[in-house]
Amino acid sequence: MEDKKNLIRMADKIQEALIKLKHSRYLELMRQLTSFASKLQEFTAESRKMGASLVHGWFTAAERCCSRTSRMLNDISYSISQIQQLTESPQKKTPKLSLLVEELNQVREEFGNVDFDKAESTVSVVTDPITLDDVPLGPFRIQLELDKLSELYKDRPYRVIALNPNPAATDEEVTHPHVSGNKLCEGDGCVTIRAALEEGRICDFFTVVRSILNTYNPDSPYVALYDWNGEPCYDCGYVMSREDTYYCYYCEHDFCSQCSTYCRFCEETVCLGCSTECPHCEEMVCQKCIRRCTECEELCCKSCLEENICPNCKEEMEKENEEQECKIAGTNQNRNPSQPDTSEAEIKLAS
Amino acid sequence: MRVLYIDNDGGGFADYVDVTESITVEQFFKDKMQGRKPDNYLIRVNRQPVPRDYVLQENDRVTVTPTKIEGASI
């Protein structure tokens with residue numbers, strides 16, 4: 001008996017919310033029409049500006065008018081579709097209390113139970129545990145917030161709460177490929193959900209939401225299931241999405257952006273461990289592009305080597321050469337100036 | 001004869017439709033959801049599951065809801 005009373009209370013609250021929703025549809029339509037009218041006025045203003053631009057030969061200004069008009073056309077087509085949605089479907093009759101009780105009874109049969117939180121003014125059901133592509137996501141509570149039902153044309157009046165959450169490794173808010181921050185992205189179910197709520201078909205609403213939760217759309221997830229657990233950086237352990245990883249072909253592991261770099265010569269991605277900083281130009285170089293100086297065997301990039309000799313060795317060699325030349329020059333100067341060179345003597349003899 | 005048909009596959013609209021007498025729910029589904037498999041739908045008549053050979057009655061309420069609907073991310 002108490003249970004039946006509870007269902008009637010719940011149905012009564014839903015009916016009240018549906019009456020408010022009816023009113024809010026007209027309010028929303030009025031808001032959309034006002035916005036549409038003001039957009040039309042903007043077109044008039046734009047037309048005046050275009051006229052003035054042409055009279056004065058201001059082609060840059062005319063071009064700006066064109067791009068503004070193009071932007072406004074996009075806005076206006078969106079406005080038209082919003083208005084059409086509100087006007088084309090005829091106003092739904094508010095369902096009788098008995099019909100809403102039947103709905104709630106059906107919800108109970110489909111889901112095993114239906115909870116009514118009088119204080120929070122919510123009606124909710126719990127799904128079976130959901131597993132998509134072998135990723136266990138746990139059961140979800142679908143919670144219809146009756147006080148927000150009148151906001152149906154602006155926002156989703158329900159929440160989808162993971163009861164045993166297994167969120168995506170890269171985003172705690174994403175508890176299902178199509179749920180972020182307890183909000184479901186309805187995709188193909190959007191129109192059906194709205195129609196079900198407008199008509200007070202509460203059971204259809206819950207079953208459609210459940211069908212969306214039981215389906216994975218790989219073309220448009222918040223986080224793809226193949227990437228659900230993320231990929232840890234082999235070096236620092238930071239967990240990231242697969243798209244954000246950098247693969248090192250030398251050690252064959254995935255790294256984050258902080259732990260990887262690229263070779264300045266071949267532009268290959270390489271981890272910090274498999275790359276070497278050239279001590280001369282300080283650029284990062286991969287193992288394939290690094291060379292060893294034939295003199296000191298120091299690692300060095302290709303461009304800093306000259307005939308396989310590093311700049312340090314080159315400098316030393318040049319110093320040595322210079323010193324040797326100096327020595328030779330010094331030996332010549334130390335000879336007896338009274339003894340003329342053969343060539344000088346020859347010159348003298350010749351003269 | 002008329003039945004109330006609620007199609008949750010597309011727009012989710014509820015409409016009265018004319019059907020032939022003694023049509024089964026299986027035939028009704030085939031007519032309305034051509035090329036679709038009944039296994040992929042939750043079919044209820046008067047809010048109850050029924051066998052495929054259930055013969056529709058005047059003013060029956062038939063609901064067809066897909067068990068798989070693709071969500072999105074925006």
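Naming: A, B, ... by sequence-line order, numbering from 1 per chain.
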Q.
Quick one: does any side-chain atom of Thr215(A) pair with a main-chain N or O of Ile69(B) as donor and acceptor, under 3.5 Å?
A.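 Pair found, side chain donor or acceptor close to backbone of Ile69(B).
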Q | Any donor-acceptor pair under 3.5 Å from Asn166(A) side chain to Pro136(A) backbone | A |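 Side chain of Asn166(A) to backbone of Pro136(A), a donor-acceptor pair under 3.5 Å: yes, one is there.
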**Q.** Carboxylate-amine/guanidinium proximity below 4.0 Å for Arg31(A) and Glu28(A)
**A.**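 So Arg31(A) pairs with Glu28(A) through a salt bridge.
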Tell me the closest heavy-atom pair linking [X] and [Y], and the distance in Å.
X         : Y         : value
Val160(A) : Val179(A) : O-CG1, 3.9 Å
Leu21(A)  : Leu197(A) : CD2-O, 4.2 Å
Gly230(A) : Ala169(A) : N-CB, 3.8 Å
Gln32(A)  : Ser79(A)  : OE1-O, 4.5 Å
Val55(B)  : Ser22(B)  : CG1-CA, 3.4 Å

Q) Which is it for Glu145(A) and Arg159(A) under the salt bridge (charged side-chain N to carboxylate O under 4.0 Å, His left out) test, yes or no, and what are the steps along the way? A) CA-CA 8 Å; Glu145(A) 298 177 332; Arg159(A) 296 199 297 155; 3.1 Å; yes
**Q.** Flag if over 12 foreign heavy atoms under 6.0 Å of CD, Glu243(A)
**A.**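 Not buried by this count: 12 neighbours or fewer within 6.0 Å.
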Q | Enclosure of Arg9(A) CZ (heavy-atom neighbours >12, cutoff 6.0 Å) | A |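 Correct, the count exceeds 12.
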Q. Hey, would you say the Phe140(A) and His176(A) ring centroids sit under 6.0 Å apart?
A.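 Yes - the distance between ring centres of Phe140(A) and His176(A) falls below the 6.0 Å cut-off.
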Q. Excluding sequence neighbours, so at least two apart, what forms salt bridge (charged side-chain N to carboxylate O under 4.0 Å, His left out) with Lys39(A)?
A.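 Scan of Lys39(A) (salt bridge (charged side-chain N to carboxylate O under 4.0 Å, His left out), adjacent residues dropped) gives none.
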**Q.** Proximal to chain B - members of residues 206-213 of chain A, heavy-atom separation under 4.5 Å
**A.**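 Hits under 4.5 Å: Thr207(A), Val208(A), Arg210(A), Ser211(A), Ile212(A).
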Q. Among residues 95-106 of chain A, which ones touch chain B with a heavy-atom distance under 4.5 Å?
A.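 Residues of residues 95-106 of chain A touching chain B at under 4.5 Å: Leu99(A), Glu102(A), Glu103(A), Gln106(A).
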Q.
I need the contact set between residues 28-49 of chain B and chain A: heavy-atom distance under 4.5 Å, sorted by residue number.
A.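 Result: Leu42(B), Arg44(B), Arg47(B), Gln48(B).
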